Peer 1: 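Here it is, the structure in full.
Because the structure is a prediction, the values reported are computed rather than measured. Reckoned from all heavy atoms, side chains included, excluding hydrogens, waters and symmetry mates. Below, chain A is the first sequence line, B the second, and so on; all start at residue 1.
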Amino acid sequence: MALSDQELKEIAYLARINVKEDSLPSLKKELEDILGLFEELNAAETSEISAMSHPLDLSQPTRQDEVTEENLREELLKNAPSVQSGLFLVPKVIEGEE
Amino acid sequence: MDLHKLYLSEQLEGIKSGKFSSTELTTHYLERISKFDEDLNSFITVTEDQAIAKAKKSDERYKNNTNLPLDGLPIAHKDIFCTKDVLTTCGSKMLSNFEAPYSSTVFEKLDNEGMVMLGKTNMDEFAMGSSNETSYFGPVKNPWNTEYVPGGSSGGSASCVSAELAPVATATDTGGSIRQPASLCGLTGIKPTYGRVSRYGMIAFASSLDQGGVVARSAADAALILEAMCGHDPKDSTSLNLERPDLTTNLNNPIKGMKIGLPKEFFEKEMPSYVEKSIEDAISIYKDLGAEIVEVSLPNINLSLPIYYIIAPAECSANLSRYDGVRYGYRCEDPKDIEDLYMRTREEGFGNEVKRRILIGTYALSAGYYDAYYLKAQKCRQLVANDFKEVFKNIDVLLSPTTPGTSFKAGEKTNDPIAMYLQDIFTIPANLAGLPGLSIPCGENAGLPLGLQLVGNSLEEDKLLQFAHSYQLNTDWHSKMPDIS
């Protein structure tokens with residue numbers, strides 16, 4: 001299973017992980033080795049098998065639509081890297097006039 | 001008195017009868033931690049002040065006859081379990097400054113029984129690793145020989161219990177992260193049926209595989225603590241809606257007449273002769289105890305490793321997308337825009353193994369590859385689960401080695417991800433099928449311990465623990481501890 005540099009960069013962008021140019025070759029080799037493992041699955045006959053998404057064969061429990069959590073705003077903001085006026089602060093996202 | 005030599009039930013009895021207090025017991029362990037852990041690095045955080053305060057409260061309850069079931073017993077928690085107002089790092093730079101705003105259900109349950117937290121144990125970053133070398137907080141050492149790894153990802157939990165710096169520790173297992181370090185450190189480690197232990201507040205790696213459990217020095221100790229961790233939790237939608245199981249009452253039941261299956265596909269693998277010998281010895285002990293031994297076949301079990309390395313990274317890539325440098329955790333310096341903030345935060349905040357798995361998972365889930373990889377893996381997972389279903393119609397437990405051998409030297413497999421992944425070749429299948437599994441010490445080679453794995457049918461933790469306990473009543477592998485002084 002060969003990966004091109006371009007493919008690797010696209011995956012890294014989808015995952016929003018910056019990958020330095022000089023680490024591309026070793027990373028590519030590692031990922032190709034792991035992808036190589038997957039080829040063993042090709043031989044398995046699965047046309048009659050349905051996908052198993054979960055080990056438990058149970059239905060999802062439901063609950064009353066009631067508020068159970070108290071307001072933890074201050075508590076939760078304590079861990080934020082940057083906060084202003086009770087809001088998470090990030091670099092400007094919306095284009096427009098300064 | 002060597003308080004750390006006592007098993008949990010003896011420690012509990014000692015406190016109850018007034019031989020020693022929880023404060024004395026807790027202080028004893030805290031002193032051992034400060035004396036020995038600098039070298040082992042099994043703790044990320046030691047919660048000394050909180051521990052002493054808790055122990056004092058516990059002693060008061062004994063005085064007032066209001067004591068709780070496990071009151072005053074110390075425990076270490078894997079740093080994957082959120083503990084309110086205490087650092088919870090998951091072994092990552094990404095969460096190196098994260099103080100959880102709430103506690104995990106596992107912590108709450110044990111806290112409500114009166115257990116005293118000694119601290120948070122080191123682990124492979126986000127539980128991804130089999131040697132505890134991927135932790136941002138440095139590698140953990142194996143107390144049996146500090147040049148060797150303790151296994152992973154619950155390496156800190158295993159190392160500290162093995163060195164008797166804590167009598168017991170919580171742990172988690174996604175592909176073997178309880179059983180493999182238990183094997184490499186000479187401990188009893190159990191992963192219950194998926195859904196037995198709540199995952200609320202247990203930092204997610206691969207949600208359909210992750211399950212909490214415990215590492216201890218005996219099956220009886222493990223049973224006592226696991227029982228207290230189990231039970232339905234409305235805060236976890238995958239928590240089984242069942243009463244907390246009784247794992248202790250029938251521990252002494254004989255296993256005579258029960259059937260042990262030996263998976264042919266596992267025993268066909270090439271193994272070092274000391275592994276074969278230890279397993280043969282264990283089998284003959286079980287025969288002497290009256291168990292019947294039968295060979296069984298799980299024809300698809302050798303697909304487990306590739307299935308796991310598609311499903312686990314796929315779920316990890318989704319779960320770890322939450323670490324974006326916005327709401328909590330690490331954020332890169334001077335981001336020039338929001339994209340740069342995401343890209344560099346994740347580049348700098350995650351270690352290599354975590355990034356590798358996120359990338360593999362992203363690839364397996366991406367357009368054009370989803371059917372070939374993820375869907376195919378989920379279908380193959382069903383094949384493996386069906387194999388287990390079939391064999392458990394005729395047997396009580398499956399027996400195999402836990403690991404392909406004893407521990408390996410630090411650095412030996414760090415540059416070869418696949419060699420590292422092969423550590424979990426015997427443990428992964430139980431996670432895929434959601435079945436309970438445990439590892440108990442059954443031998444040694446060159447001064448390093450080796451584990452025996454037992455896998456049970458769904459919800460049959462009690463039976464697994466009976467098998468482990470009856471083995472331990474007739475052997476002394478579990479009572480051997482490393483000399484760390």
Side-chain angles (χ1 to χ4, degrees), chain A residues 1 3 7-8 10-20 23 26-27 30-31 33-63 68-69 72 74-83 88-93, chain B residues 97-99 101-102 194-195 208 234 237-238 240-241 300 302-303 305-307 309-310 317 321 324-331 335-344 346-347 350 355-356 358-360 362-363 366 373 375-383 385 417-418 421 432-435:
Chain A
M1 182 72 219
L3 274 178
E7 273 178 304
L8 183 52
E10 279 168 19
I11 300 164
Y13 178 70
L14 281 174
R16 296 296 188 276
I17 295 176
N18 191 41
V19 175
K20 293 215 163 55
S23 65
S26 61
L27 184 61
E30 288 161 3
L31 297 190
D33 285 351
I34 299 168
L35 292 172
L37 271 182
F38 301 166
E39 280 163 26
E40 283 176 51
L41 297 185
N42 295 339
E45 172 51 50
T46 52
S47 53
E48 304 288 311
I49 299 289
S50 55
M52 175 178 171
S53 57
H54 213 271
L56 299 177
D57 200 13
L58 295 174
S59 58
Q60 289 279 324
T62 57
R63 59 169 173 79
T68 54
E69 300 297 313
L72 294 172
E74 293 308 313
E75 194 76 8
L76 295 174
L77 285 171
K78 270 200 289 188
N79 273 303
S82 184
V83 170
F88 298 114
L89 195 63
V90 294
K92 203 174 111 176
V93 185
Chain B
N97 57 1
F98 179 67
E99 282 189 2
Y102 64 96
Y194 182 86
S208 79
S237 64
T238 59
L240 286 164
N241 197 359
N300 296 291
N302 286 332
L303 300 174
L305 195 74
I307 297 170
Y309 277 98
I310 293 173
S317 73
S321 65
D324 57 4
V326 174
R327 291 151 302 156
Y328 50 84
Y330 175 79
R331 176 185 283 194
K336 65 178 194 320
D337 54 32
I338 188 79
E339 195 104 285
D340 183 46
L341 184 152
Y342 295 148
M343 303 281 289
R344 278 199 297 121
R346 291 164 64 80
E347 176 194 15
F350 291 134
K355 284 191 269 195
R356 211 152 35 221
I358 293 175
L359 293 173
I360 286 288
T362 305
Y363 182 75
S366 62
Y373 290 119
L375 198 64
K376 180 78 182 178
Q378 282 192 316
K379 288 181 175 183
C380 292
R381 181 179 183 179
Q382 188 65 59
L383 291 176
I418 291 181
Y421 295 172
L432 295 179
L435 300 172

Peer 1: What is the minimum heavy-atom distance between B/L359 and A/A12, and which atoms define it?
Peer 2: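 Heavy atoms only, the tightest pair is CD2-CA, 3.6 Å.
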Peer 1: Using heavy-atom distances under 4.5 Å, tell me whether B/S321 contacts chain A through its side chain, its backbone, both, or neither.
Peer 2: neither
Peer 1: Counting only non-hydrogen atoms closer than 4.5 Å, does B/A385 touch chain A with its backbone (N, CA, C, O), its side chain (CB onward), both, or neither?
Peer 2: side chain
Peer 1: Of all of B/Y328, B/F98, B/Y363, which one pairs up most often with chain A through heavy atoms under 4.5 Å apart?
Peer 2: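 Looking at each of B/Y328, B/F98, B/Y363 in turn, B/Y363 comes out on top.
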Peer 1: Quick check on B/N97 against chain A: is it the side chain, the backbone, both or neither that has a heavy atom closer than 4.5 Å?
Peer 2: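 Backbone of B/N97 only, per the 4.5 Å heavy-atom cut-off to chain A.
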Peer 1: Given that the side chain runs from C-beta out, which part of A/L31 has a heavy atom under 4.5 Å from chain B: side chain, backbone, both or neither?
Peer 2: both
Peer 1: Heavy-atom distances under 4.5 Å only: say whether B/L341 touches chain A with side chain, backbone, both or neither.
Peer 2: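 Side chain only.
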Peer 1: Report the option among A/V90, A/I49, A/L89, A/L41 that has the most heavy-atom pairs separated by less than 4.5 Å from atoms of chain B.
Peer 2: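 The answer is A/L41.
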Peer 1: How far apart are the C-alpha atoms of B/M343 and B/E339, what are their side-chain angles, what is the distance that settles it, and do they pass the side-chain contact (heavy atoms from CB on, under 4.5 Å) test?
Peer 2: CA-CA 6 Å; B/M343 303 281 289; B/E339 195 104 285; 4.2 Å; yes
Peer 1: Chain A heavy atoms under 4.5 Å from B/L303: which part of the residue, side chain, backbone, both or neither?
Peer 2: both
Peer 1: What are the two closest non-hydrogen atoms of B/R331 and B/G325, and how far apart are they?
Peer 2: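 Nearest heavy atoms, B/R331 then B/G325: NE-O, 2.7 Å.
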Peer 1: Non-hydrogen atoms of chain A under 4.5 Å away: do they reach the side chain of B/N302, the backbone, both or neither?
Peer 2: backbone
Peer 1: Quick one: of B/R346, B/E99, B/K376, B/R327, who has the most non-hydrogen atom pairs under 4.5 Å with chain A?
Peer 2: B/R327
Peer 1: Among A/E40, A/E30, A/E45, single out the residue with the greatest number of heavy-atom pairs under 4.5 Å to chain B.
Peer 2: A/E30
Peer 1: Which pair of non-hydrogen atoms, one from A/M52 and one from B/A433, has the smallest distance, and what is that distance?
Peer 2: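 For A/M52 versus B/A433, the nearest heavy atoms are CE-CA, 4.5 Å.
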Peer 1: Please give me the minimum heavy-atom distance between B/V326 and A/A80, naming the atom from each residue.
Peer 2: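 Residues B/V326 and A/A80, closest heavy atoms: O-CB, 4.3 Å.
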Peer 1: Using non-hydrogen atoms only, which part of B/Y102 is less than 4.5 Å away from chain A: side chain, backbone, both, or neither?
Peer 2: neither
Peer 1: If you compare all heavy atoms of B/I418 against all heavy atoms of A/I34, which two are closest, and at what distance to 0.1 Å?
Peer 2: CD1-N, 4.0 Å
Peer 1: Quick check against the 3.5 Å criterion: does B/K355 have a side-chain atom that pairs as donor or acceptor with the backbone of B/E347?
Peer 2: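 Yes: the side chain of B/K355 pairs with the backbone of B/E347.
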Peer 1: If you count heavy-atom pairs under 4.5 Å between each of B/I310, B/D340, B/L432, B/L383 and chain A, which one has the most?
Peer 2: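 The option with the most such pairs is B/I310.
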Peer 1: Given a strict heavy-atom distance threshold of 4.5 Å, which part of A/S50 is in contact with chain B: side chain, backbone, both, or neither?
Peer 2: backbone
Peer 1: Can you give me the closest heavy-atom contact between A/F88 and A/L77, atom names plus distance?
Peer 2: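 Smallest heavy-atom distance, with atoms named: CE2-CD2, 3.6 Å.
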Peer 1: Do A/R16's NZ or CZ and the ring of A/Y13 fall within the cation-pi criteria of under 6.0 Å and 45°?
Peer 2: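 Yes; both conditions hold, so A/R16 lies above the ring face of A/Y13.
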